[in-house]
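What follows is a short report on a single structure.
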Amino acid sequence: MGLPEVLERIAAACQRAGRDPGEVRLVAVTKGRTPEEIREKVLRYGDFPLGESRVQEALKKMEVLRAEWHLIGHLQRNKAKFAPRFALIHSLDSFRLAEALEGVGAKAGKRLRVLVEVNLGREPQKHGVLEEELPELLARVRELEHLEVLGLMTVPPIGPEGVVRPLFRKLSQLADHFGLPERSMGMSDDYVWAVEEGATLVRIGRALFVD
Ligand SMILES: *Cc1c(COP(=O)(O)O)cnc(C)c1O
């Protein structure tokens, strides 16, 4: 495996689904990886956006790697002040966080770009809003001047295709319904299904770093 093979599989999935491969961006998930590994396994192939789960780890790597950084993990409100360092936050999961980000965006004179995380598998240990909470959250967040909601994100349960694929399809349907262009879905084990079901951002870690 490795990044070139992942790109080939994404392209093949696009072809099967009748999609343009240019619609799908690979976000290289670099949590737990050193800057050397990231250069060798990701950046030598191009300027891919890099995704980190934790703010502190991301900030450290920002000092040594020039890249477009995405936050893919839960953001605590007390770390909202670091949000302007990220090109995209995949994990908006409450209105309270949205309000905190609105304040940060206003102060920075910037419109912060976010995706709303939806817990489609309804797993209690996972972040993200439940599907039925989404309409109200979106309506309220869309009132905030310094936040721009570009799409939806989900992390489905680990499971067989019959469980996971319908959740990806659901996320695409929800994004369509709300007129949102971006769907962040698909990780190392399931990104092919996600691309076939309409992912525009796939968040892939492990598959890029194996030898
Ligand atoms: C770690 C992580 C990924 C990447 O997972 P892999 O299985 O390593 O591809 C994607 N999304 C989120 C939210 C993650 O925390």
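As the structure lists them, so they are numbered: ligands from 1, and atoms in each ligand from 1.
Scanning the protein heavy atoms around atom 8 (O) of ligand 1, the nearest turns out to be R206 N, 2.8 Å. In terms of protein heavy-atom proximity, atom 11 (N) of ligand 1 is closest to R203 NE, 2.9 Å. Atom 12 (C) of ligand 1 has its closest protein heavy atom at I72 CD1, 3.5 Å. Looking from atom 5 (O) of ligand 1 to the surrounding protein, the closest heavy atom is M187 CE, 3.5 Å.
Within the 4.0 Å heavy-atom criterion, the part of K31 lying near ligand 1 is the side chain and not the backbone. Contact annotation: for S188 versus ligand 1, heavy atoms closer than 4.0 Å belong to both the backbone and the side chain.
Placement of V202 and L171 within a single hydrophobic cluster is found when ILVMFWY residues are connected by side-chain heavy-atom separations under 4.5 Å, directly or transitively.
How far CG of L201 is from CZ of R183: 10.5 Å, rounded to the nearest 0.5 Å.
Near I204, the atoms of ligand 1 lying under 4.0 angstrom from a non-hydrogen atom of the residue are 9 (O). Taking every heavy atom of S53 and a limit of under 4.0 angstrom, the matching atoms of ligand 1 come to 15 (O).
In terms of polar-atom proximity, defined here as any N/O pair under 3.5 Å, G205 does make such a contact with ligand 1.
Using a 4.5 Å cut-off on side-chain heavy atoms (C-beta onward), L144 and F95 make contact. Two residues are said to be in side-chain contact when any heavy atoms from C-beta on lie closer than 4.5 Å; L112 and I89 fail this criterion.
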For residues 145-156, which side-chain N or O atoms pair as donor and acceptor with protein atoms under 3.5 Å away, sequence neighbours left out?
unit_1: H146; atom_1: ND1; unit_2: E102; atom_2: OE2; d: 2.9
unit_1: T154; atom_1: OG1; unit_2: V118; atom_2: O; d: 2.7

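For the pair R9 and Y191, the cation does not sit on the ring face, since its NZ or CZ is not both under 6.0 Å from the ring centre and inside 45° of the axis.
A heavy-atom separation below 4.0 Å is not found between A207 and ligand 1.
Between L115 and S184, the closest heavy-atom pair is CD1-CB, 3.5 Å.
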